[in-house]
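This report concerns only the one structure given below.
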Amino acid sequence: MEVRESTMKLRLLEGSNDLLVKNLYLSCDPYMRFRMTKPNVPVYVEPFRPGSPITGYGVARVLESGHPNFKKGDLLWGLTGWEEYTLITAPETCFKIEHTDVPLSYYTGLLGMAGMTAYAGFFEVCSPKKGETVFISAASGAVGQLVGQLAKLFGCYVVGSAGSKEKVDLLKNKFGFDDAFNYKEELDLDAALKRCFPEGIDIYFENVGGKMLDAVLLSMKLHGRIAVCGMISQYNLEQPEGIHNLTNFILKRIRMEGFMVSDYYHLYLKFLETVLPQIKEGKIVYVEDTAEGLENAPTALIGLFYGRNVGKQVVVVSRE
């Protein structure tokens, strides 16, 4: 990655449906790593094009609009570029921001893609029941912290794993998890999970993969559900780790389902109706890790894979 400076004319073509926007906040997300893939590797998301700006979710202000749903001055969140100004050629993928009585940066995470991922993955994919046991890996991250709070509000027993004492303390003392552990300090993940879930796990919200997934399979209950949101431990490996405890899928009738948040964006208004009041009442809290300046975006993204961020990683391009 490199930072380039260039100039552009801030003007739309006449008759265009495009949007010209000023970017305010950008989201750093693990999935961006496997968009940096070799052209011959099959993926189901569009890879980044070398030499072009990285694209990702962000918050922006409309400078000029050719689309009937947006006007000059509107705030939006959606796919934009890692640059100061972006020409958005697919405005239909963006959401107008109507509620500005919460921090705008929340629309890169809690009220944006990450929040919808947590909501859809937990309620739509996992089909939870009150009183069930829920385990979340990478639980202090952008998605995990909200999954845990939604599960607690729903009436579940919730445990999370994270990679530092600071993050474990956040899970237990700020996000209200019933228990949490530092996976880096556990010599035996299977033993750690059995300690936290003596009767087993009903729902696993998967963000990590690899050794954690292998251990979780040993603790799943009959008819357990696993929502596969991400596998951050595997993205930088030349050879992905194998999973050895697959027989448990048969013996325990486990259902494991991967999902893409874009399949659930039709539920966005329902999501807002659920989450916004809880944020305003203090029932849901959110932690962000902020990097100032577009030039610091590459370091912030790389830091995700070393656990340097605490909470949702946000890059501030402009505070206007």
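By convention here, the first residue in the shown sequence is residue 1.
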* **Common cluster, L146/V168, ILVMFWY with side-chain heavy-atom separation under 4.5 Å** => no
* Can you tell me how far CG of N207 sits from CD1 of I136, rounded to the nearest 0.5 angstrom? -> 8.0 Å
* Verdict with supporting geometry, L104 and L75, side chain to side chain contact (heavy atoms under 4.5 Å, CB included) -> CA-CA 9 Å; L104 276 182; L75 291 162; 3.8 Å; yes
* To do: Check whether I201 and L246 end up in the same hydrophobic cluster, where Ile, Leu, Val, Met, Phe, Trp and Tyr are linked by side-chain heavy atoms less than 4.5 Å apart.
  => yes
* Asked: What residues form a side-chain contact (heavy atoms from CB on, under 4.5 Å) with S6, not counting sequence neighbours?
  -> none
* So does E199 have more than 12 non-hydrogen atoms from other groups sitting under 6.0 Å from CD? -> no
* Can you tell me how far the CG atom of N248 sits from the CG atom of L218, to the nearest 0.5 Å? -> 5.5 Å
* What's the spacing between L213 CG and L189 CG if we round to 0.5 Å? -> 11.5 Å
* Tracing side-chain links under 4.5 Å among I, L, V, M, F, W and Y, which residues wind up in one group with V3? -> none
* Asked: Is there a donor-acceptor contact under 3.5 Å from the side chain of T274 to the main chain of K270?
  -> yes
* Under 4.5 Å between any side-chain heavy atoms of I254 and I226, yes or no? -> yes
* Partners passing side chain to side chain donor-acceptor pair (under 3.5 Å) against E124 (at least two apart in sequence or in another chain) -> none
* Asked: When you check the gap from the basic side-chain N to the acidic O, do K312 and D29 get nearer than 4.0 Å?
  -> yes
* Are I243 and Y183 linked, directly or through other ILVMFWY residues, by side chains that come within less than 4.5 angstrom of each other? -> yes
* Asked: Partners of E14 by salt bridge (Lys or Arg N to Asp or Glu O under 4.0 Å), sequence neighbours excluded?
  -> none
* Donor-acceptor pair, side chain of R255 and main chain of R253, under 3.5 angstrom -> no
* **S27 vs W77, side chain to side chain contact (heavy atoms under 4.5 Å, CB included): CA-CA, chis, key distance, verdict** => CA-CA 10 Å; S27 173; W77 73 268; over 6 Å; no
* All side chain to side chain donor-acceptor pair (under 3.5 Å) counterparts of K167, not counting sequence neighbours -> none
* Asked: Who are the side chain to side chain donor-acceptor pair (under 3.5 Å) partners of T55, not counting sequence neighbours?
  -> R35
* Is E132 salt-bridged to K130, cutoff N-O under 4.0 Å? -> no
* **Worked verdict on C229 versus V143 for side chain to side chain contact (heavy atoms under 4.5 Å, CB included)** => CA-CA 9 Å; C229 174; V143 175; 4.3 Å; yes
* Asked: Does a side-chain heavy-atom distance below 4.5 Å link C28 with V315?
  -> yes
* Going by side-chain heavy atoms closer than 4.5 Å, which hydrophobic residues are tied to L19, directly or by a chain of links? -> V21, V62, F70, L76, I88
* To do: Verify the distance criterion only: is there a donor paired with an acceptor across the side chains of E84 and S318 at less than 3.5 Å?
  => no
* Asked: Which distance, rounded to the nearest 0.5 Å, do you find between the CG of L63 and the CG of L87?
  -> 11.0 Å
* Taking the side chain from E206 and the backbone from V208, do they hold a donor-acceptor pair closer than 3.5 Å? -> yes
* **Between Y204 and S137: side-chain donor-acceptor atoms closer than 3.5 Å** => yes
* **Single-linkage hydrophobic cluster L24~L79, side-chain heavy atoms < 4.5 angstrom** => yes
* K221 atom NZ, neighbour heavy-atom count above 12 within 6.0 Å -> yes
* With sequence neighbours left out, write down each residue that passes salt bridge (Lys or Arg N to Asp or Glu O under 4.0 Å) with D214, or none if nothing qualifies. => none
* **Point-to-point distance, once rounded to the nearest 0.5 Å, from CG of L170 to CD of E166** => 6.0 Å
* Which residue pairs satisfy the side-chain hydrogen bond (donor to acceptor under 3.5 Å, both in side chains) criterion with at least one member in residues 145-157, sequence neighbours excluded? -> K152-D178
* Calculate, to the nearest 0.5 Å, the distance between atoms CE and CZ belonging to M220 and R225 respectively. => 7.5 Å
* Asked: Does T80 have any side chain to side chain donor-acceptor pair (under 3.5 Å) partners at least two apart in sequence or in another chain, and if so, which?
  -> N23, T86
* To do: Give the ring-plane orientation class for F95 versus Y265, where under 30° counts as parallel, over 60° as perpendicular and anything between as tilted.
  => perpendicular
* Asked: Does any N or O in the side chain of T133 come within less than 3.5 Å of the main-chain N or O of D202, such that one atom is a donor and the other an acceptor?
  -> yes
* Asked: Can we say D289 and R308 salt-bridge, meaning some charged N sits less than 4.0 Å from an Asp/Glu carboxylate O?
  -> no
* Any side-chain heavy atom of P128 within less than 4.5 Å of one from I203? -> yes
* To do: Determine, stepwise, if the pair Y106 / V59 fulfils side chain to side chain contact (heavy atoms under 4.5 Å, CB included).
  => CA-CA 9 Å; Y106 277 14; V59 173; over 6 Å; no
* Would a distance-only check, ignoring hydrogens and angles, find a side-chain to backbone donor-acceptor pair under 3.5 Å from H99 to D101? -> no
* Pair listing, salt bridge (Lys or Arg N to Asp or Glu O under 4.0 Å) test, anchored in residues 59-79, at least two apart -> R61-E320, K71-D74, D74-K96
* E257 side chain vs V125 backbone, donor-acceptor pair below 3.5 Å -> no
* **W82-F48 aromatic ring centre distance below 6.0 Å** => no
* **Heavy-atom neighbours of K283 NZ exceed 12 at 6.0 Å** => no
* **Verdict with supporting geometry, R195 and D179, salt bridge (Lys or Arg N to Asp or Glu O under 4.0 Å)** => CA-CA 10 Å; R195 182 181 72 237; D179 204 353; 5.8 Å; no
List the atom pairs, donor and acceptor, that lie under 3.5 Å between side-chain atoms in residues 292-307 and the rest of the protein, sequence neighbours left out.
unit_1, atom_1, unit_2, atom_2, d
E292, OE2, R319, NE, 3.4
E292, OE2, R319, NH2, 2.4
N296, ND2, E292, O, 2.6

* E186/K184 under salt bridge (Lys or Arg N to Asp or Glu O under 4.0 Å): CA gap, chis, key distance, verdict -> CA-CA 6 Å; E186 298 291 344; K184 293 179 181 177; over 6 Å; no
* Between H266 and Y264, how do the two ring planes meet: parallel, tilted or perpendicular, split at 30° and 60°? -> parallel
* Asked: Do H223 and K252 have side chains that get closer than 4.5 Å, going by heavy atoms?
  -> no
* To do: Using atom types as modelled and distance alone, determine if a side-chain donor or acceptor of T108 lies under 3.5 Å from a backbone N or O of S105.
  => yes
* Asked: Is a salt bridge present between R4 and E2, judged by a nitrogen-to-oxygen distance below 4.0 Å?
  -> yes
